[in-house]
Amino acid sequence: MRTSQYLLSTLKETPASAEVISHQFMLRAGLIRGVASGLYTWLPTGVKVLKKVENIVREEMNRAGSIETLMPMVQPADLWEESGRWEDYGPELLRIKDRHQRPFVLGPTHEEVITKLVSFELNSYKQLPLNLYQIQTKFRDEIRPRFGVMRGREFLMKDAYSFHLSQDCLEKTYQNMHKAYCRIFDRLGLDYRPVLADTGSIGGDASHEFHVLAESGEDDIAFSDSSEYAANIEKAEALAPQGERPSATQELTKVATPDVHSIDEVSAFFKTSNDKVAKTLLVLGECEEGETAPIIALVLRGDHELNEIKAEKIAGVAMPLTMATDEQISAAAHCDAGSIGPINLDIRVVVDRSVEYLNDFICGANETGYHFTGANFGRDINNYEVADIRNIVAGDPSPCGKGKLTIKRGIEVGHIFQLGDKYAKAMGAAVLNDSGKNQTLTMGCYGIGVSRIVAAAIEQNHDQHGIIWPEAIAPFKVVIIPMNMHKSARVKETAEKLYAELTAAGVEVLIDDRKERPGVMFKDMELIGIPHSIIVGERNLDNEEVEYKNRRSGEKSTLKIADVNNFITEK
RNA sequence: CGGUGAUUAGCGCAGCUUGGUAGCGCACUUGGUUUGGGUCCAAGGGGUCGCAAGUUCGAAUCUUGCAUCACCGACCA
């Protein structure tokens, strides 16, 4: 490709709307342009990268025995009514009508379509297991799109669905997909980790997310420092403290604490630390429609944060988790939010494992402006349940039993999980088994955010000058940068010869044949992040040489012109 | 959806307080100059100042409403 005949579209300045580095470089290097919030046009260079990611995903899915299909983005509403998600999915599902006023949705995912398909196409156990995938555009009407294509509303996704008669068979495919995902991210050249993930409402143990590690990631990942254990913080279990709870040494004492509300204020008032204070949050419990929701108290140590996923899983707690309003708080605890405590509270009380271990702690007295000191379980509080409801913090013991946890940020680029029979049951996907009986299928589903990978790769591979593409997904492998080609016939001739040779050898090569000063070319090519540069200048031609520069290492060397082709081809 | 801020040329911004014919840098075009790290000089083209209403002789500027965008929060297979 010649830059003179290409659409390079680089920007010198960073558009003000781009917050994260990948978004800035994607705009500056001419990979994407915004069209509306969360919607982007992919420019030629961006498309080249996107296609490379897509092809690696496709090759490895094919290799793993998955079969490519393509489903429509626009899906009829009745499929979603059949699965129950027309009601459940919420406003993230974009609902549209056709000219006949018939309702449709823009597909945020394709479980409905694929399961319906399979229910028609499969009749016999002999056709199982089956694993189908597609690489296709999804639309999710995110509340807040951000970070460019990292969280866009329209994005490219690879989604695969597998169908089985037995859990055993599903687990085999699941493991196979796990391996295929590792191969994909290995080939992409990314620093990634498979981590245990929450399975949502489906339950079961088997769900993994694949995270690219980067500071700008939106998820917290917990790692053991001495084992392979890694889990999304939503999922990571906080173990109960070891040993016996220390016994009570103080009397329960009510202390006036005027204008003291937050945990920080409480611990400052009592000149102690947050971990000696219990905070009590009131949430709504489940109830029948029209009834008044019961209120449930969740008690955490002052220095810990509530894990909403864990809290939602407690039987009787409303899903989604809903905090009580001020009115509900004063009705249930007879005080303001800043003075709630578990003592003499006549509602259901769930305390975190770490709280139960406390002795002589401080908590609200359920009377506005008062706190208790010297609170103790067993003596002052007897009616309570214990559960794991907090986020783990760095330094907690690993749930696997080995080592302590550290926390890093990750970008979720893949997610695999075992779906069970939720959709198969709803959409009537069943086959005759070997005893001639109708049997509902069990499913797995496996997603990769293809467009998000492009952004994640940049987050992980850049410097102050621009992108440093991993070799496998670079838009071009090599760029030829001629110095003052329009002045020097020798330079032009050599650059053109190398361009022809490399092109003939099947190398993706870009030649910068613009009439630009060298500095402009260098800056642009570094911004775009092409891994290898060949610089052709008068300076080296007398020796039949050109200069080579590596984008990642910065390493420079001179090459004999005759050796360039082999040198680049072997890279 | 709550909070914050923004909206003036393709991009980055000034002008608004104190109303009076719309500016700067980059990019673009032309000519010259320069040529191994975003040269320099000159001349150009490009904007009904987000939209609507109001105040006023006169509105980018003041008032009101709306829209869009971004950030923080909540939310998120």
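The sequence lines fix the lettering, A, B, ..., with proteins before strands; numbering per chain opens at 1. Values reported hereafter were calculated over all heavy atoms of this structure, with side chains retained and with hydrogens, waters and symmetry mates removed.
Cation-pi geometry between A:R95 and A:W80 is not satisfied (NZ or CZ under 6.0 Å from the ring centre, within 45° of the ring normal).
By the ring pair (Phe, Tyr, Trp, His ring centres under 6.0 Å) test, A:F139 is found to be paired with no residue, residues two or more places apart in sequence or in another chain being considered. Under the rule for a ring pair (Phe, Tyr, Trp, His ring centres under 6.0 Å), A:W469 has no partner lying at least two apart in sequence or in another chain. Shown here are the ring pair (Phe, Tyr, Trp, His ring centres under 6.0 Å) partners of A:H462, two or more places apart in sequence or in another chain: there are none. For A:S4, the side-chain hydrogen bond (donor to acceptor under 3.5 Å, both in side chains) partners at least two apart in sequence or on another chain are A:D513. Listed by chain and residue number, nothing satisfies the ring pair (Phe, Tyr, Trp, His ring centres under 6.0 Å) test with A:F104 (two or more places apart in sequence, or in another chain). In terms of the side-chain hydrogen bond (donor to acceptor under 3.5 Å, both in side chains) criterion, A:E81 has no residue partners (sequence neighbours excluded). Taking A:Y181 as the reference, A:K158 meet the side-chain hydrogen bond (donor to acceptor under 3.5 Å, both in side chains) condition, with sequence neighbours excluded. Taking the side-chain hydrogen bond (donor to acceptor under 3.5 Å, both in side chains) definition, one finds that A:R85 meets it with A:E111, A:E112, A:Y423, sequence neighbours left out.
Atom C1' of nucleotide B:G10 and atom CD1 of A:I32 are separated by 16 Å, given to the nearest angstrom. Atoms CG (A:N232) and P (B:C76) sit 13 Å apart, rounded to a whole Å. Rounded to a whole Å, the CD atom of A:E142 is 15 Å from the P atom of B:C69. Rounded to whole angstrom, the span from the NE2 atom of A:H211 across to the P atom of B:A77 amounts to 12 Å. Distance CD (A:E305) to P (B:G73): 12 Å, rounded to an integer number of Å. The separation between A:M150 atom CE and B:C71 atom P is 11 Å, rounded to whole Å.
Each of A:L106, A:L94, A:T109, A:L93 was evaluated against A:R140; a single residue qualifies, A:T109, per the side chain to side chain contact (heavy atoms under 4.5 Å, CB included) test.
Across every strand in view, B:C40 sits in a pair with B:G32 that passes the Watson-Crick or G-U test at under 3.5 angstrom. Pair assignment for B:A14 gives none, since no Watson-Crick or G-U wobble pairing has each distance under 3.5 Å. Across all strands shown, the partner of B:C66 is B:G50, judged by Watson-Crick or G-U wobble contacts whose two distances both fall under 3.5 Å. Nucleotide B:A59 has no partner under the Watson-Crick or G-U criteria, as no pair reaches both atom distances under 3.5 Å. Pairing for B:C75 is absent, with no Watson-Crick or G-U wobble pair whose two atom distances lie under 3.5 Å.
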Report each atom pair, protein N/O against N/O of nucleotides 43-46 of chain B, whose distance is under 3.5 angstrom.
none

Please list, for nucleotides 1-7 of chain B, all pairs of protein and nucleotide N/O atoms separated by less than 3.5 Å.
none

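Each of A:G449 and A:H23 was assigned the nucleotide of RNA chain B with the nearest heavy atom; the assignment lying further toward the 5' end belongs to A:H23.
Taking the ring centroids of A:H532 and A:Y548, they lie under the 6.0 Å cut-off.
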Show me the side-chain donor-acceptor pairs of residues 445-459 of chain A shorter than 3.5 Å, one per line, residues at least two apart or across chains.
unit_1	atom_1	unit_2	atom_2	d
A:Y446	OH	A:S162	OG	2.7
A:S451	OG	A:L156	N	3.0
A:R452	NE	A:M150	O	2.8
A:R452	NH1	A:E412	O	2.7
A:R452	NH2	A:M150	O	3.2
A:E459	OE1	A:S216	OG	2.7
A:E459	OE2	A:S22	N	2.9
A:E459	OE2	A:S22	OG	2.7

task = Classify every nucleotide of nucleotides 32-39 of chain B by which part a protein heavy atom approaches to under 4.0 Å, writing B for the base, S for the sugar-phosphate alone and - for neither, in 5'-to-3' order.
result = --BBBBBB
